[in-house]
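Just so you know, ligand 1 is whichever comes first in the structure, and atom 1 is the first atom listed for that ligand. Predicted model, so just to flag it, every value in this text is computed and none were measured. We use all heavy atoms of the structure for the numbers below, so side chains are in, but hydrogens, waters and symmetry mates are not.
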Amino acid sequence: MMRTHRGGELRAEHEGTDVVVCGWVANRRDHGGVIFFDLRDSGGVVQVVVDPVRPGLDLGHRVRGEWVLRVQGTVRPRPEGTVNVDMPTGAIEVAADAIEVLSESEPVPFPLDDRTEVDENLRLRHRYLDLRRDPMQRNLRLRASVNRAVRAAMDEQGFCEVETPMLIASTPEGARDFVVPSRLKPGHFYALPQSPQLFKQLLMVGGFDRYYQLARCLRDEDLRADRQFEFIQLDLEMSFADQDDVLDAVTRAVVAAAAAARPGEEVGTVPRITWHDAMERYGSDKPDIRFGMELVDLTDALAATEFRAFHGVDAVKGIRVAGAGDASRSTVDGLVDRAKQLGAAGLVWMRVRDVDGRIDVESPVAKFLADDERAAIVATLQAEPGDLVLIAAGPRRATCQILGQLRLDLGRPPVSEGLAFCWVVDFPLFEALGDDGRPIPAHHPFTMPHPDDLDRIDTDPLSVRSQAYDLVLNGWELGSGSVRIHRPDVQQRIFSLLGIEPEEAHAKFGFLLDAFRFGAPPHAGFAFGLDRIVAIFAGEENIREVIAFPKTQSGGDPLTGAPSVVGPQQLVELGLRVLPPKT
Ligand code: ASP
């Protein structure tokens, strides 16, 4: 047996036990007579004491950081006064009887502790070293426990795990495809899946009425802190199920994941909010509901105003920043600048004051507003003396979004603080009209319109709601799903509205439309990103911290050098020629 214990798991109860432990030298201290080092393994760190005058132990002098050792010894209590209560193994140490060097190490390019800030490129170039550090060990193990919990929750609910292929024809999720050239059919390409969307719908036709998969998805989009080219989602689909069934099944999975990752933190029931209300109250379709400061509609209260900035506009909205009435002039000017940056024509601010027992506001625009208008603003916002009030006016959607962003700037807690899931339902079916006047789908083209809105689909498409829903956690969008269209005639109607000609539809998704001709059950599904949920659970702002081998912001892998050029022979085999880079 190579080892008897993980050193990092030794405790006071192991005192007197003979052990063999293996690991990396994390920290070495030569105290004249004896040598101490911390031995790191996947269980943590344990202190090893070496008396180099003992036979065979003079090796202790030679040992350096990150060498890999096998240590045989006895667990003993640390001497009085040297107990380290901050260390799980801090009550004991291993007194070495024999040391074997399993592997030596060159000096490492950066310290492997969790205190030193290391350049990310350097970390990624030596990710195998970075992975030895505590935060990465913690994050990836947390991730594994979330995967485990999610799988168990799906299994318990009778979902069947099915793997779908990676080399496919394109699946539309609105992103660019990664493509793979075919050697056997030169000039032809596979697409890598943006999601298993079409396959999971085929599985429904195939009688797997509850499918799930921890699916790898690839989308060629610009990378951000919360986005990588490839990511893992919990992907699921259900037949003979409606929106409530899906929301319920997914809620169980995320509640189980939260319980595994953040035990003791109550998730409670996950509220549902319509897209319309989310926009009106939070100015966002991914509302962070961990804090108040909701947007309040002042349009009616100021309907008769003569004040130019508020007169005759689509919407006037305000937020109340509790207790911020003493904000400095430069802070307030900063908010105005920020609002303008976000596209606002301006931002009105008011300090709420107690004026001789009456609540009033102090603001550069106060004189343009009638007494009853100022009073209505205070009353509608339920503002109190000492508060700061911010008001924006203009087109409704933009005004809500601008104030929504200011709300986040002013009140948002760190992403890891608390766990507030919410469902956003009743998304619009279409996002906007494209340049060609055709509507652009908000989700994907297989999403079922809201039954109450179907009659407006040709006349007023932008007002049509869909049966699509998003899951949001602490203001991060975790994932989306929808009830699907399972009738070929409805699907055709949507395609033609989107300007997808029958030939094109047939070429792209003919197999799905064909399948639907042979008895398609009503079905609905969802997918949420595991990278994002784990990042939030781990308290990381950047998903790269919860991915073993991520790409940098520019899409490269400093460790392997990907993407790289391929040799001429390979290009010939694939029937490809590479053009010189565009200047
Ligand atoms: N395929 C969708 C996505 O990846 C999720 C779904 O509709 O189930 O976003």
F178-F229 aromatic ring centre distance below 6.0 Å: yes

- prompt: Are W423 and F526 an aromatic pair by the rule of ring centers under 6.0 Å?
  reply: yes

query: Quick check: are there more than 12 heavy atoms from other residues, nucleotides or ligands sitting under 6.0 Å from CG of D119?
result: yes

- line: F516 meets the ring-ring contact (aromatic ring centres under 6.0 Å, His included) criterion, sequence neighbours left out, with H523

message: Taking non-hydrogen atoms within less than 4.0 Å of ligand 1, which protein residues qualify?
response: E173, S195, Q197, K200, R219, Q233, H443, H444, S480, G481, R484, G525, F526, A527

statement: Only one of L347, L342, V296, I391 passes side-chain contact (heavy atoms from CB on, under 4.5 Å) with L403, and that residue is L347

- prompt: How are the rings of F446 and F509 set relative to one another: parallel (under 30°), tilted (30 to 60°) or perpendicular (over 60°)?
  reply: perpendicular

